[in-house]
Amino acid sequence: MRTDRTFTMLKPDSVEKGHIGAILEKITASGFKIVAMKLTQMTTADAEEFYAIHKERPFFGELVEYMTRGPIVSAVLEKDNAVEDFRTLIGATNPEDAAEGTIRKLYAASIGENAVHGSDSDENAEIESQFHFAGREIF
Ligand code: DAT
Ligand code: MG
């Protein structure tokens, strides 16, 4: 399993608020190379599958509604130690707990609408990248 790639989504609130450019700038300025990227919209079935691990949680319905309400930017990013370094760059799930300068501190409105996704393991980075991209779309 490669440790130099992670998967991200700029979630619907980031796209709605016009934050795509600023967030991508921060990602690339932090040393991540974009090796796949597209503007896309998840269906309800997509979001339910992507977040299946959370399906028993009380916020699951809201999470699926939010993630499907508009387009997202999905991307695969490359950097040494990508998964861990990207989680550091985005900050804690709840923006109130996120460190200064992190993407969620700067751009997230709430724990539910928290601007960006970052994979939590190398294994999930691979699964999530393949969920969103065909092999020929990843460079
Ligand atoms: P992360 O996105 O930091 O990996 P997670 O995997 O625990 O966080 O949860 C996935 C998403 O679900 C998260 O980005 C936002 C939503 N979520 C998590 N906990 C929540 C809560 N307590 N209330 C509302 N939404 C929540
Ligand atoms: Mg997670």
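Small disclaimer: the values here were computed from a predicted structure and weren't measured. For reference, positions follow the sequence shown, starting with 1. Quick note: numbers below take in every heavy atom, side chains included, and nothing from hydrogens, waters or symmetry partners. We count ligands from 1, going down the list as the structure has it; atoms in each ligand are counted the same way.
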I'd like to know if the side chain of Ser129 and the backbone of Ala125 have a donor-acceptor N/O pair within less than 3.5 Å. yes

Between Arg5 and Lys79, is there a donor-acceptor pair closer than 3.5 Å when you use the side chain of the first and the backbone of the second? no

So which heavy atom in the protein is nearest atom 21 (C) of ligand 1, and how far is it from that ligand atom? Phe59 CD2, 3.5 Å

Using non-hydrogen atoms of the residue, decide whether His117 is closer than 4.0 angstrom to ligand 1. no

Heavy-atom nearest neighbour in the protein, as seen from atom 8 (O) of ligand 1, with distance rounded to 0.1 Å: Thr93 OG1, 3.3 Å

Between His132 and Glu137: side-chain donor-acceptor atoms closer than 3.5 Å: no

SB check Glu16 Arg69 (cutoff 4.0 Å): yes

I'd like to know if the side chain of Asp85 pairs up with that of Thr88 as donor and acceptor (distance under 3.5 Å, no hydrogens or angles considered). no

For Arg87, take its heavy atoms, then give the atoms of ligand 1 lying under 4.0 Å from any of them. 1 (P), 3 (O), 4 (O)

Could you check whether any heavy atom of Glu62 sits closer than 4.0 Å to an atom of ligand 1, since that is the contact criterion I want to use? no

Suppose we call two aromatic rings close when their centres sit under 6.0 Å apart. Are Phe60 and His54 close by that rule? no

Heavy-atom donor-acceptor pair, Thr8 side chain to His117 backbone, under 3.5 Å: yes

Look only at the side chain of Asn114 and the backbone of Thr93, and say whether a donor-acceptor pair between them is shorter than 3.5 Å. yes

Could Lys17 and Tyr107 be counted as a cation-pi pair, given that NZ or CZ must be under 6.0 Å from the ring centre and within 45° of the axis? no

of all protein heavy atoms, closest to atom 22 (N) of ligand 1 is Ile111 CD1, 3.7 Å

List ligand 1 atoms under 4.0 Å from Asn114, heavy atoms only on the residue side. 13 (C), 14 (O), 15 (C)

Counting each atom of ligand 1 from 1 as listed, which ones have a heavy atom of Lys11 under 4.0 Å away? 14 (O)

Just jot down the ligand 1 atoms closer than 4.0 angstrom to any heavy atom of Gly112, in number order. 25 (N)

Glu113 and ligand 1 - part of the residue with a heavy-atom distance under 4.0 Å: neither

May I ask you to identify, for Arg104, whether its side chain, its backbone, both or neither come under 4.0 Å of ligand 1 on a heavy-atom basis? side chain

Counting only heavy atoms closer than 4.0 Å, does ligand 1 sit against the backbone of Leu63, its side chain, both, or neither? side chain

Which of the atoms in ligand 1, numbered in the order shown and given with their element, are less than 4.0 Å from a heavy-atom of His54? 5 (P), 6 (O), 7 (O), 9 (O), 10 (C)

